[in-house]
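Everything on this sheet refers to the single structure shown next.
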Amino acid sequence: MSEKIKVILPGKSKKEYERGISVSDILKDVDSRLIDDAVAARINGEIADLSKILDGDSEIEILTFDSEDGRKVFWHSTSHVMAQAVQDLFPEVKLAIGPSIEQGFYYDFDKNEPFTPDDLEKIENKMEQIIKADHPFKRIELSKENAIELFSKRKEKYKLELISEIPEEQVILYQHDNFVDLCRGPHLPSTGRIKAFKLVNVAGAYWRGKERNPMLQRIYGISYPDSKQLEDQLKRIEEIKKRDHRRLGRELDLFGIYRESGPGLVVWHPKGALLRRIIEEFWIKKHYQNDYELIYSPHIARLKLWEISGHTDFYQDNMYAPMKIEEEDYQIKPMNCPYHILVYKSKIRSYRDLPLKWAELGTVYRYERSGVLHGLMRVRGFTQDDAHIFCRPDQLEEEVLRLLDFTFYMLKSFGFDQYDIFLSTRPEKAIGEIGDWEKATAALRESMEKRGLDFEVDEGGGAFYGPKIDIKIKDLLGRPWQCTTIQFDFNLAHRFDLSFVAQDGKEHRPFLIHRALLGSLERFFGVLIEHYAGAFPLWLSPVQIRIMPITDEQNPYSAEIKNRLQKEGFRAEVDDRNEKINYKISEAEREKIPYMFIVGKREVQSKSVSVRRHKQGDLGQFDLDEIIAKLEQEVENKNIQ
């Protein structure tokens, strides 16, 4: 056997090395400057420590903090440092899990007393000591038996539970200093690579997300290779807090979730309900213009319907318990689709009838554990922006093209023009004919290519019942939110035995496309609040214009303006309280009213208004007809400020 191995280096150059060389030694040979930036390596497609020994021909890619996988390694390593600091300070604490997440990391701890702000400060100080000591991260392989013995001595019951579920006889641990954790890795070369970090908050979390399990304490943190990046992220976190839809929902009096009615169930207050109605009316109008017909369906159905659809087999954990009505089981609906299918099956369909496009703002109910509920983003009852398209195979591409055009028109109307787009293809276990999968996937792919869209292919990431397109919108802070889904479904078409009579006089199976453009109205509403920080564009704002007379003498003219504006279709109100004008302006700014019309003696005499814009200040004096025309144009164009 040759002692030399061939290594494909970053940049695709090739070189021979002695068998048994480490990745870090190769880096020193190729470019020592990479050592400071490298956090891990991808070796033949697998992510590994820089200390990894090569025993065969290999292709190496170096991962830095600038890559997604590199950040995961960096943040997961920091979670281990935090866990050591916690156990050094609180030896009685038991460890659960500590993964990296989208923006940082967390670790779950079993501790009798809650962590306090003072505790977090102590933990940070201890972490500083651990980092300064620059302990190397060491990968250890142990037999399952020895790992059980190790964690039994430490009375780490959560680790023992995890080990019991590992099928392999060998388990992987990582050690730095005197701290050992069950972990597949990889990790940074040493703790000293962590240059800047911050523990940001503590929350409760059930072990493994199940309510019957113990409640743990979850400490969240962030870390970076330099202090500038940390400062930028802390500013971003503050901005996220300012935009939190739960806080703004209370301040702007938009919605509430009440203990008396139950968690995850949204009550829309008048202003929030008005904004929701504006969204719904726009949605309905545009669906009619795009050849959809609307359907309304009940909130419950016989349980048998959900057995036919397969929801009782595949979706039971997300469904509520059936209810008895006249000795028969009924189910509150988790989906709208079976109802739309019943309408399709209500009569014989011809190829001439297709495509059929039926849409519904249908409220559905899904069981979400209390630990994952989050304002409007994760609820138990929500209204799905739902539609189903029944079409012939030869209509597939055209319908997907129309769907994409419709999707981006709708999203841009609400101010979203940045997206992450994914095409998910056939998984290993799937139903339906391979030929149908290929047609459907090709239609999705070719439609996106024709529209010049950048998208990622998630090979094997489709549902078992069909391929799909997922579109995530990005808000003003660049955060992605799941929104649009275009999903083929071979399962329901088969289960309900859907057919149409083709030109040959025979029955053929139609293609069924599920699609949601906005997703759920609740989540979309929450994203809108955070995207605009509650300062909605004119066409969406519940109150578009507030008229403010300076003294009582201007009240009659202010009432005239309000009547005129309402006749023109604007949502306007008069603030005729006996308060100083600066106070009224301050209140309107706090309530994020887009436009303020200030009315004094001069405005009454000239039949004009002085106009202020939220956050922009004074725009000057306008003739009433002039400003109305300007605002009408802004509403028509959906101008996004």
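Between Arg277 and Glu280 there is a salt bridge, with a side-chain nitrogen of the basic residue lying less than 4.0 Å from a carboxylate oxygen of the acidic one. Salt bridge annotation for Glu587-Arg546: absent, with no cationic side-chain nitrogen under 4.0 angstrom from a carboxylate oxygen. Between Asp623 and Lys607, none of the side-chain N atoms (NZ, or NE/NH1/NH2) sits under 4.0 Å from a carboxylate O, so this pair counts as no salt bridge. Using a 4.0 Å cut-off between charged nitrogen and carboxylate oxygen, Arg613 and Asp618 do not count as a salt-bridge pair. A salt bridge is absent between Arg515 and Asp386; no separation between the charged side-chain nitrogens and carboxylate oxygens falls under 4.0 Å. Between Arg276 and Glu522 there is a salt bridge, since at least one side-chain N of the basic residue sits less than 4.0 Å from a carboxylate O of the acidic one. By the 4.0 Å N-to-carboxylate-O rule, Arg451 lies too far from Glu397 to be salt-bridged with it. The pair Asp625-Arg564 meets the salt-bridge criterion, since a charged nitrogen lies less than 4.0 angstrom from a carboxylate oxygen. A salt bridge is absent between Glu589 and Lys615: the closest approach of a Lys/Arg side-chain nitrogen to an acidic carboxylate oxygen does not fall below 4.0 angstrom. Contact check on Arg236 versus Glu239 returns no salt bridge, with no Lys/Arg side-chain nitrogen under 4.0 Å from an Asp/Glu carboxylate oxygen. Salt-bridge check for Arg247 with Glu251: passed, with a basic side-chain N closer than 4.0 Å to an acidic carboxylate O. Of the charged side-chain nitrogens involved, none lies within less than 4.0 Å of a carboxylate oxygen, so that Asp417 and Lys474 do not count as a salt-bridged pair. Salt bridge absent: Glu446 and Lys450 never bring a charged side-chain N and a carboxylate O closer than 4.0 Å.
Remark: the backbone N or O of Asn290 is paired with a side-chain donor or acceptor of Lys357 at under 3.5 angstrom.
None of Arg479, Gln418, Gln482 except one satisfies the side chain to side chain contact (heavy atoms under 4.5 Å, CB included) rule with Lys472; the exception is Gln482.
Arg380 is linked by a salt bridge (charged side-chain N to carboxylate O under 4.0 Å, His left out) to nothing, counting only residues two or more places apart in sequence or in another chain. Under the rule for a side-chain contact (heavy atoms from CB on, under 4.5 Å), the partners of Val543 that lie at least two apart in sequence or sit in another chain are Lys271, Glu573, Ile593.
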Could you walk me through whether Phe496 and Tyr344 pass the ring-ring contact (aromatic ring centres under 6.0 Å, His included) test, one step at a time? CA-CA 10 Å; Phe496 284 92; Tyr344 185 91; over 10 Å; no
Run the ring-ring contact (aromatic ring centres under 6.0 Å, His included) check on His287 and Phe406 step by step: do they pass? CA-CA 9 Å; His287 275 74; Phe406 190 21; 4.9 Å; yes
Test Tyr315 against Trp306 for ring-ring contact (aromatic ring centres under 6.0 Å, His included), laying out the working first. CA-CA 10 Å; Tyr315 209 71; Trp306 309 104; 9.6 Å; no
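Within the structure, salt bridge (Lys or Arg N to Asp or Glu O under 4.0 Å) contacts touching residues 483-493 (residues at least two apart or in different chains) do not occur.
Ring planes of Phe536 and Phe525: tilted class, angle from 30 to 60°.
The heavy-atom pair separating Glu603 from Val599 by the smallest distance is OE1-C, 3.9 Å. Minimum heavy-atom separation, Ala588 to Met596: CB-SD, 3.6 Å. Residue Gly375 comes nearest to Ile257 through the heavy atom pair O-CD1, 3.6 Å, listed as atom of the first residue, atom of the second, then distance.
Tyr365 and His299 share a donor-acceptor pair across their side chains, judged by distance under 3.5 Å alone.
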